Engineer: 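Quick one: structure below, then a few questions.
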Protein chains: 2
Amino acid sequence: MDHIDRALLAKLQEDATQSYAGLGQAVGLSAGAAHERVRKLRERGVIRRTTVEVDPAVVGGGVLAFVMVDSTSWMGDTAEDFAALPEIVEAHIIAGSASVLVKVRTATTELLQDVLRRIYAIDGVSGTQATVVLETFFERPVSPQA
Amino acid sequence: MDHIDRALLAKLQEDATQSYAGLGQAVGLSAGAAHERVRKLRERGVIRRTTVEVDPAVVGGGVLAFVMVDSTSWMGDTAEDFAALPEIVEAHIIAGSASVLVKVRTATTELLQDVLRRIYAIDGVSGTQATVVLETFFERPVSPQA
DNA sequence: TATGAAAATTATAGAAC
DNA sequence: GTTCTATAATTTTCATA
């Protein structure tokens, strides 16, 4: 993981469809060398996968909310319970008064309410505190350049 | 945007490196038809970009935190101020007592503290309330299948 | 690790149905 | 939308330094 690898990661985050020839040129390497470095980054798990960014509003995720989930018991083994709700796009165990923080995307606020109801049904959950997003400034990948 | 388009989006989210032949086979289309549909999805902006998922811990983002930002004034035009901090990977205007919610990735908690200090320096910010993530259950893209 | 080139695969565009 | 065709471009492998 030198500065060239970080530059490759940054370029691929911008656009993963570009050719290895173009990638190599951008970082001062031949196409073959760029290919080999990217192959190793994938092999090592630094690059987890190549994916597409989909406009959430188009696929029924126009409403975004963050939900603090309060609980009365240890939530460390409830990952599958949260993962079972497809509207939940992130779930984290947090330090603080609440114990789980989830990010939810639904088409409407009515569906958000339904997700809250289903979160409430998870074992150990004693309450939810939802914060609705009015406007997203930006969402971007972690910067490898820093 | 029919069910085939949604299936294509789901498949591409899983792995955007697969061939159009394989994609088409997965959704019951010829390679040419799959290619044309994906081209239109990109053209319409449903697919915003093709990118790689990078392991945050490897590129200096091992510490994840959500920060509620309190303010004394209208924060609607502060997007650039938050975007100027590379450790901030998301920033949202929210409904509720705080006015901005940001997601931050840093290498250490010391660097998180430094980011909080720089957030505090943004015009109108009157306070921050950071919640550190102890464990991430999952982070996944919005499901086009729902 | 990098390079340069060969070989295999895929993308891309178009014609006919 | 499918199938077929054809070319360009790219991926992937490999010999070599």
Side-chain angles (χ1 to χ4, degrees), chain A residues 1-61 107 140-146, chain B residues 1-62 107 139-146:
Chain A
M1 276 297 302
D2 57 6
H3 70 101
I4 296 180
D5 281 335
R6 277 187 282 275
L8 285 171
L9 290 175
K11 284 288 175 189
L12 284 173
Q13 281 178 336
E14 282 177 28
D15 178 12
T17 67
Q18 63 193 300
S19 70
Y20 289 111
L23 263 181
Q25 191 169 20
V27 302
L29 284 182
S30 69
H35 180 261
E36 179 64 9
R37 276 180 179 258
V38 173
R39 191 193 64 75
K40 285 179 182 169
L41 287 170
R42 289 186 204 277
E43 190 182 50
R44 277 185 257 150
V46 176
I47 295 176
R48 288 178 170 163
R49 62 172 170 172
T50 303
T51 185
V52 293
E53 264 187 32
V54 175
D55 183 349
V58 177
V59 291
R140 63 188 178 191
V142 56
S143 167
Q145 295 291 47
Chain B
M1 277 296 303
D2 56 8
H3 71 101
I4 296 180
D5 281 335
R6 277 186 282 274
L8 285 172
L9 291 175
K11 285 289 174 189
L12 285 173
Q13 282 178 335
E14 283 177 28
D15 178 12
T17 67
Q18 62 194 301
S19 69
Y20 289 113
L23 262 182
Q25 192 169 19
V27 303
L29 284 182
S30 69
H35 181 262
E36 179 65 9
R37 275 180 180 257
V38 173
R39 192 193 63 75
K40 285 180 181 168
L41 287 169
R42 289 186 201 277
E43 190 182 51
R44 279 185 255 151
V46 176
I47 294 176
R48 287 178 170 163
R49 62 171 169 173
T50 303
T51 184
V52 292
E53 264 187 33
V54 175
D55 182 349
V58 178
V59 292
E139 292 177 291
R140 62 188 179 193
V142 56
S143 167
Q145 295 292 46

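Since this is a predicted model, take the numbers as computed values, not measurements. Labels below follow one simple rule: chain letters A, B, ... track the order of the sequence lines, proteins then strands, and each chain is numbered from 1.
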Engineer: Would you please name every residue forming a salt bridge (charged side-chain N to carboxylate O under 4.0 Å, His left out) with A/Arg42, sequence neighbours left out?
Structural biologist: none
Engineer: Pull out every residue in residues 20-47 of chain B that has a heavy atom closer than 4.0 Å to any atom of DNA chain D, ordered by number, or say none.
Structural biologist: B/Gly28, B/Leu29, B/Ser30, B/Ala33, B/Arg37
Engineer: Output all residues satisfying side-chain hydrogen bond (donor to acceptor under 3.5 Å, both in side chains) with A/Glu53, sequence neighbours left out; order by chain, then residue number.
Structural biologist: B/Arg49
Engineer: Taking side-chain contact (heavy atoms from CB on, under 4.5 Å) as the definition, give me every residue that meets it alongside B/Arg140, ordered by chain and number, with sequence neighbours left out.
Structural biologist: A/Ala83, A/Ile88, B/Phe138
Engineer: Is the backbone of A/Pro144 close enough, under 3.5 Å, to the side chain of A/Gln13 for a donor and an acceptor to pair up by distance?
Structural biologist: no
Engineer: If you round to the nearest 0.5 Å, how far is CG of A/Leu29 from CG of A/Leu8?
Structural biologist: 6.5 Å
Engineer: Please collect all salt bridge (Lys or Arg N to Asp or Glu O under 4.0 Å) contacts where either partner lies in residues 14-39 of chain A, sequence neighbours excluded, each pair once.
Structural biologist: A/Asp2-A/Arg37, A/Asp5-A/Arg37, A/Glu36-A/Arg39, A/Glu36-A/Lys40, A/Arg39-A/Glu43
Engineer: Mind checking which nucleotides bracket the chain A contacts on DNA chain D, 5' to 3', with an atom under 4.0 Å from a heavy atom?
Structural biologist: D/dT10 to D/dT13
Engineer: Set out, in order, the CA-CA distance, both residues' side-chain angles and the distance that settles side chain to side chain contact (heavy atoms under 4.5 Å, CB included) for A/Val58 and B/Arg48, then state yes or no.
Structural biologist: CA-CA 11 Å; A/Val58 177; B/Arg48 287 178 170 163; over 6 Å; no
